[in-house]
Every structure is written in C-alpha cells, then in structure tokens.
2 protein chains.
Amino acid sequence: MDRKKSAQFDKKTEILAVSVPMFAAYGYNKVTIRDIGAAAGMTSAALYYHFQDKQTLYREALKFSFQSKAEITHAILSSQGTPEERLAAFIERYTQLLADDPDFRRVMQRELLDGDEESVGMLSELFQQPFDELAAIVEVLAPATDIHMVIMSIIAMILYHYEVGPLRRLLPGAKPEHEDYRTLATHIKRLIFSMLEKEVPADLPPTTVPTALG
Amino acid sequence: MDRKKSAQFDKKTEILAVSVPMFAAYGYNKVTIRDIGAAAGMTSAALYYHFQDKQTLYREALKFSFQSKAEITHAILSSQGTPEERLAAFIERYTQLLADDPDFRRVMQRELLDGDEESVGMLSELFQQPFDELAAIVEVLAPATDIHMVIMSIIAMILYHYEVGPLRRLLPGAKPEHEDYRTLATHIKRLIFSMLEKEVPADLPPTTVPTALG
DNA sequence: GTCTATAGCCGGATAGAC
DNA sequence: GTCTATCCGGCTATAGAC
C-alpha cells in the first residue's frame, strides 16, 4: 500500500462505511453523532474534523451507498443474450441483490419517505442510466406498452415484497419459501412474461452476481 | 346530541384525529407532544391527562387510523358481480382510495420500516379478513397459482407506485397521466388479467367509493 | 487528527395551582 | 381538564488542549 491517499481506506470513507448500516437500521434521527463516532472508533468531536455537520455526513453516506448500487445495476443490465434472457436475468439478479442487502433497501425506503428534493434528485441521476438500459430491453419486447409503467411494476414487485415482509409473514397463505428470492423472481418472471406474451427463458447459468465494485 | 359520551367527538378522539396527519407527514420523532397539543388547542401537559405517554398516544392514533381503513377495504371487497368484476373493482377502488389518502399510505410505510412487533401484529389482525376475502376471489380465477403472491403483487404495484412517486417522476418516460390513479388501475388490471388469461371486465359504473365509515 | 469539556438547545414528563 | 413552571436528560456543535 503506497503513501498516496487510498479512496478505499481513508478515514473519511471508513466513517461513511460504518454509518450507512446505522442510518439504514435506525434512521437519521435515532443515530447520534456519538454513535457514529463510537462505531468508527473516535469521539463525536473528531467527526467534525471530517464533516461539516451531521446533515453533510448523512448526505455523503447516502451517495457512497447508492453510487455503488447504480454501478452494480448497470453491470447486471450489461449481460449478454436475447432481450428475453436479459430481462429475466435482471429480475433474477436484482431480486437476489436486494435480498442480500437490507441496508440498501431500507435507506431507499427512508429516502422515499423523508428525502428532501436534493437527495431524491441525486438518486434519480444515479439511476437514470440503468433505467434507460432497462427501457431499451423492454421496448424491444413490448413496443406497444407503457414502458415506464412496466419497469416500475417490476421494481415495485421486487422492492415491495421486501418492504412488506414483516407484515406479509403474518397474513394468510404465507409460506417459508416466500422468503427465498428465487420464489419471488420466478413469480415475477411468470407474471411479466405472460403479459409480454412470451415464454419465460430457461434459468440462468449460475453466473456470479456482482456484489461489490471492481 | 345527547349527554352520553360520543365516540366521534370526545376530546381524546379529537386528539388522535389531529395527530394522525402529523405523524404521517413527519414521523414519530419529529412530531413533539407540544406540536400535538398546539394542534389540538391545548398545552402538552394536558395531553398527559388523556394519554399515559407519547408512545401510547401514537399507538392509539395508529389503531384509530387503520381500523377504519380495514373496514373500508372490507366494504370494497363486498361488492356484487362475477369474480372478474370484483377483482377489477378492488384494483380500481383501492387505487383510488390510496390516491385520496396520503396519510394512510405514509403511516403504513413508516410502520413497515420501523414498526415494532406489537404494532405490525395489530395491523396484520386488522387486514386478515380483507386479505381472506381477496384470496377467495383470486382462488376462483386462478386455482393453480400461488394466491398469496398474486395478491401481494397487486398490492405492491398499487402501493409502491405512490411510495416511489417522488423518484419516479424524475425517471425516463414519466408522464403527467401517471399521476392519475385510473392510469395505474388500468395498467395493473391489464397485467393481472393477462396473467389470469382472462379478459379485463368493462369499467365500473361510477359507484361511490366508500371514503368514511357508516 | 483526536481528545476533554462544555455551551446551548430542545423534548418528554411531572408538580401543583386553578 | 387544562394551565404555568420546571426538572432532567440527550443531542448537536464548538473551544481549546495535546
């Protein structure tokens, strides 16, 4: 490791990395700067050397968390194959990605509830490109439909399934396999492909899902 | 109006009624008991005559808000007609109900994020019956499918559309008509009925949507 | 770059008068 | 039932030593 500042491991980045799961779990208000300091191995006063104030720290944590997700989403959408296969791959892999990352889901949920214009604007910029890539795939498969709404429906079924989990488990017909992301993915693929009047493509070969940058 | 205590207008109920929109808009932490007192026309100290503490007030507000919604949901599902018509009616009317009631959506969203076991348990009890009624309808239409998942998908597409609104509006392909609940309802009906391999029933006669109890 | 100490504020809850 | 006054605790942020 050389002397030059390493974006991966400098103190500031480390603080962001430990604070993301805390904000995800408890929300902005309940996480105190003392908590963050303790988790990063310092006192709250030291945080003010790195960040102007709590709001700034939070916004940088948000960006830190979402930037990588947008890049992973782009990577998922860059897979090879027919449009059918690529759409199926997106549903399968994105479902898995979110199953593996409760923090990401929860931060997103909190932003949709209480995010200010600036934060939400930042998110929209990050997801502009992946959204367009997905739109290009859907357009080939269903030129006559409202592509925007089809995409939102897919995302809704994935994300809301996780959001509603705590309540869903207590409702009639809940089964253990509903916790498995593959059950969810299969269900969504069936629904979407039947609307597109296409066959659901065969399951993916066990390609590695990108789970981190680089 | 007689002397007996009227459940509709006693002071306690009035406090709950004014606090629900506040909790919905800003969340538990950001709403102070001083705020609630002011909105109800009294000081915070007076609230402690009616409620043990802030948590208790919140929980009662939650129940107050959700009980009526569960009853309305039941009313929507009690409509006449073929199973196809009843499912279509549910999608149409529930979409409208949620369009008209941002408080309900937001309180639900907050509970799914941060609700404790007790609150979520209460919600699940309230929605048990409407869920079963919906399941009975779907079962007739699609005996071979995972009914639980089909219902969750419908609810996901309705609720997530509203949740994601602030972000969705900034994404490619967003159009003004996506704000109209009827656009959403039509889209969901098309998707669900194509999966069921049924025709979408004709639009409802302009029946009044129940919007309050009684 | 991190610490200790503390200023300054605000929120929940209670005491006691009316 | 509602008020005024107040206590207590926790939080953000800063000052200043090291």
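Enclosure of atom CZ in B:Arg59 by more than 12 non-hydrogen atoms of other residues, nucleotides or ligands within 6.0 angstrom is indicated. When the shell of 6.0 Å around OH of B:Tyr26 is examined, it contains 12 or fewer heavy atoms from other residues, nucleotides or ligands. Within 6.0 Å of the CZ atom in B:Arg169, the count of heavy atoms belonging to other residues, nucleotides or ligands exceeds 12.
The aromatic ring centroids of B:Phe131 and B:Phe127 lie 6.0 Å or more from each other.
Within a heavy-atom distance below 4.0 Å of DNA chain D, the residues of residues 44-56 of chain B found are B:Ala45, B:Ala46, B:Tyr49, B:His50.
Once you apply a 4.0 Å limit to the heavy atoms of chain B, the touched nucleotides of DNA chain C run 5' to 3' over C:dG11 to C:dA15.
Rounding to whole angstrom units, CZ of residue B:Arg34 and C1' of D:dT6 are separated by 10 Å. Whole-Å rounding puts the A:Ile36 CD1 to D:dA13 C1' distance at 14 Å.
Note on ring orientation: taking the six-membered ring where Trp is involved, the planes of A:Phe23 and A:Tyr28 are parallel (angle under 30°, cut-offs 30° and 60°).
Note on B:Thr43: a base of the nucleic acid sits closer than 4.0 angstrom, heavy atoms only.
Judged purely by distance below 3.5 Å, without hydrogens or angles, the side chains of A:Thr183 and A:Asp180 never pair a donor atom with an acceptor atom. Counting only N and O atoms by type, the side chains of A:Gln67 and A:Glu71 include no donor and acceptor under 3.5 Å apart. Side-chain contact, B:Asp35 with B:Thr32: a donor N or O sits under 3.5 Å from an acceptor N or O.
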